[in-house]
2 protein chains.
Amino acid sequence: MKKSITIKELSKLLDVSISTVSKALNDSHEISPATKKRIQDTAKLYNYKPNRIAVHLKSGKANTIGVVLPSIKNFFLARALRGIESVIAKTDYNIIISITNESYEKEVKSIQTLANGFVDAIIIAVSEETQIKQDFTHLKNVQDDVHLLMFDRVVQSIDCDKVVVDEYEAIFNAVKELQSKGRKNIALASTINNLSVGKLRTKGYLAAIEGIQESILIEGSEGAVENEVLSLIEAQKIDAIIALDEEASLASFRIGKKKEVLSNGKLSLIGYAGTKISEHLTPSLTTINQHGKRVGRTAAELLLKKLNKPLKDPELLTVNSSLYVRETS
Amino acid sequence: MKKSITIKELSKLLDVSISTVSKALNDSHEISPATKKRIQDTAKLYNYKPNRIAVHLKSGKANTIGVVLPSIKNFFLARALRGIESVIAKTDYNIIISITNESYEKEVKSIQTLANGFVDAIIIAVSEETQIKQDFTHLKNVQDDVHLLMFDRVVQSIDCDKVVVDEYEAIFNAVKELQSKGRKNIALASTINNLSVGKLRTKGYLAAIEGIQESILIEGSEGAVENEVLSLIEAQKIDAIIALDEEASLASFRIGKKKEVLSNGKLSLIGYAGTKISEHLTPSLTTINQHGKRVGRTAAELLLKKLNKPLKDPELLTVNSSLYVRETS
DNA sequence: CTGTTAGCGCCTTCAC
DNA sequence: GTGAAGGCGCTAACAG
């Protein structure tokens with residue numbers, strides 16, 4: 001930790017002015033080739049690197065994009081992150097990630113850390129706690145400082161660019177698919193009824209069963225879902241489950257497997273889960289795939305576009321999901 | 001994006017000096033309660049927030065720790081990250097994460113982004129490509145600017161704080177465990193023979209079979225491992241596999257399952273994989289658990305300690321892993 | 001109690 | 001072709 005050399009020190013060393021060094025290092029035409037070389041050489045020798053903080057303060061541009069995620073355990077968010085990265089990597093922007101662990105407080109802190117100078121723009125998927133609390137002032141305020149883009153977990157009342165998934169339609173279609181196969185008692189299992197996306201999916205389910213069957217809602221913690229699924233199966237009240245998230249999907253799967261109704265066609269199960277685990281389950285799990293990577297790419301591309309011409313109105317882009325039919329349906 | 005208000009603007013607005021505003025906002029005792037309130041009130045009104053970049057440039061302290069990870073798909077690294085966060089969250093440091101996707105180039109870029117002013121310290125697990133390339137100059141140089149701590153994927157030749165897992169012993173013990181159960185033809189499957197940790201694990205394996213059996217090394221891509229496992233099983237050349245990473249574990253699992261040797265005791269399998277998937281496999285997978293979260297916590301705690309008194313010599317801490325015996329062994 | 005000044009590291013007119 | 005000066009937003013002596 002001997003601290004990098006500065007332009008000032010370099011100027012003293014070479015007995016030239018600070019501005020000469022600066023210009024030489026920026027390859028200005030105002031400096032003679034001779035001194036330019038002399039300066040650049042010693043700069044290299046001393047391993048000079050411009051202090052980004054100073055450059056940033058001076059230029060007012062961070063050249064950095066902040067990505068705020070509630071979790072990275074979440075396979076969808078992890079894929080979305082990769083999508084974002086794959087796009088940003090081709091530009092001269094840097095990416096900085098902050099994880100909120102679904103906490104409101106951490107989200108506020110993250111946003112403030114990033115916004116006040118660190119980054120030019122923020123891509124965020126709002127945390128669960130924030131969506132429960134319904135307090136979005138930190139998100140509103142941050143728009144003063146940086147360009148804001150939300151994806152997946154989106155706040156309606158905030159006017160900014162957004163990229164979402166066709167939650168409603170995806171579930172609606174999945175239910176229709178089950179119905180077309182003769183399923184008449186389709187339950188919905190969810191541990192994410194606090195999330196905007198969870199609510200949208202539930203609406204899609206309700207719309208699809210409208211006039212066909214009564215709704216069977218299984219909501220709560222992973223354990224609660226397990227218990228309720230168990231009693232519903234034992235009472236033979238259901239012949240299919242749509243699970244809205246990985247926890248609910250695996251909980252339903254475990255019970256279905258234990259009760260031996262998954263392989264013999266007594267119970268269909270469509271869930272949300274990562275490809276790897278879905279394929280390795282026995283029987284393998286039919287899932288709704290939200291194309292996280294594409295969502296991330298779309299978000300990053302939209303952001304870059306807006307960063308270039310910030311004038312335009314906010315946009316809302318939707319990425320369609322698709323059903324990956326495997327053995328449980 | 002109307003740009004946050006600055007102290008200067010505030011001072012003009014209130015017709016006091018810049019430093020008075022600064023002091024008032026920092027709750028200095030030098031300022032009279034009356035003006036202090038007046039200033040703080042209008043600051044709040046205009047939603048003033050200090051520009052962190054300027055504070056940072058001034059103080060020379062970023063109050064931020066950078067975490068550089070090769071991947072977040074990797075369950076161990078994801079858990080380690082959570083461990084790091086859980087410790088840092090209790091301090092007033094912020095965390096900033098950068099993902100290298102196992103790329104040397106991205107690692108260099110990440111380090112440079114972070115080091116030149118952004119952060120006070122860097123916690124890194126080196127990327128695969130870097131370990132193949134064996135070019136560590138960027139890591140050596142960065143030590144001029146920030147405190148460096150490596151974990152898991154560690155570079156021997158660099159003198160810094162390190163937190164590692166007992167790779168050698170863990171495998172050694174796992175092999176001994178298999179041998180004690182009568183296994184005589186234990187193969188090693190790995191897609192990570194490029195990594196330092198992979199090499200260490202292989203050494204542990206070789207030491208454990210020394211004088212007992214010939215080594216059976218299955219190395220390469222996930223597909224290559226699949227093929228080789230298949231032919232070894234068909235030739236009845238092996239009765240156990242130790243797989244060094246999730247890909248090799250799942251590849252071995254798939255083949256073992258397909259050939260129906262996993263449930264009837266013909267083939268034992270010990271792997272590395274996340275708890276969730278390991279438990280959901282049928283049969284469930286015996287794994288070596290490296291306690292990623294504890295590794296992360298240990299790393300963060302060590303770093304904080306060093307950040308307080310930077311004088312002391314680098315330390316090397318080891319976190320022991322444990323065997324989670326499930327159905328495949 | 002309030003204000004002036006200097007400076008963090010860099011870049012950028014504007015003089016010379 | 002080179003250098004001096006000012007300023008990005010903020011803090012911290014030091015004066016008053």
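The sequence lines fix the lettering, A, B, ..., with proteins before strands; numbering per chain opens at 1. Every heavy atom of this structure was used, including side-chain atoms; hydrogens, water molecules and symmetry mates were not.
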Is B/Thr35 touching bases, backbone alone, or none of the nucleic acid, heavy atoms closer than 4.0 Å? sugar-phosphate
Which part of the nucleic acid, if any, lies within contact of A/Ser22, taking any heavy atom under 4.0 Å across all strands shown: a base, the sugar-phosphate backbone alone, or nothing? base
Report yes if a donor N or O on one partner sits less than 3.5 Å from an acceptor N or O on the other, where the partners are the side chain of [X] and the base of [N]; otherwise report no.
| X | N | value |
| --- | --- | --- |
| B/Ser19 | C/dG3 | yes |
| A/Ser17 | D/dT2 | no |
| B/Lys58 | C/dG9 | no |

What is the distance, to the nearest angstrom, from the [atom1] atom on [X] to the [atom2] atom on [N]?
| X | N | atom1 | atom2 | result |
| --- | --- | --- | --- | --- |
| A/Leu14 | D/dT2 | CG | C1' | 14 Å |
| B/Asp145 | C/dG9 | CG | C1' | 13 Å |
| B/Leu57 | C/dG7 | CG | P | 14 Å |
| B/Ile18 | D/dC10 | CD1 | C1' | 9 Å |
| A/Ile53 | C/dC8 | CD1 | P | 16 Å |
| A/Lys36 | D/dG1 | NZ | P | 9 Å |
| B/Asn51 | D/dT11 | CG | P | 10 Å |
| B/Ile39 | C/dC1 | CD1 | C1' | 11 Å |

Nearest nucleotide by nearest heavy atom, which residue falls closer to the 5' end of DNA chain D, A/Val16 or B/Asn26? A/Val16
Which heavy atom of A/Thr130 sits nearest a heavy atom of A/His138, and at what distance? CG2-CE1, 3.8 Å
What are the two closest non-hydrogen atoms of B/Val68 and B/Ser110, and how far apart are they? CG1-CB, 4.4 Å
Decide whether B/Ser17 and B/Thr20 meet the rule of one side-chain donor and one side-chain acceptor closer than 3.5 Å. yes
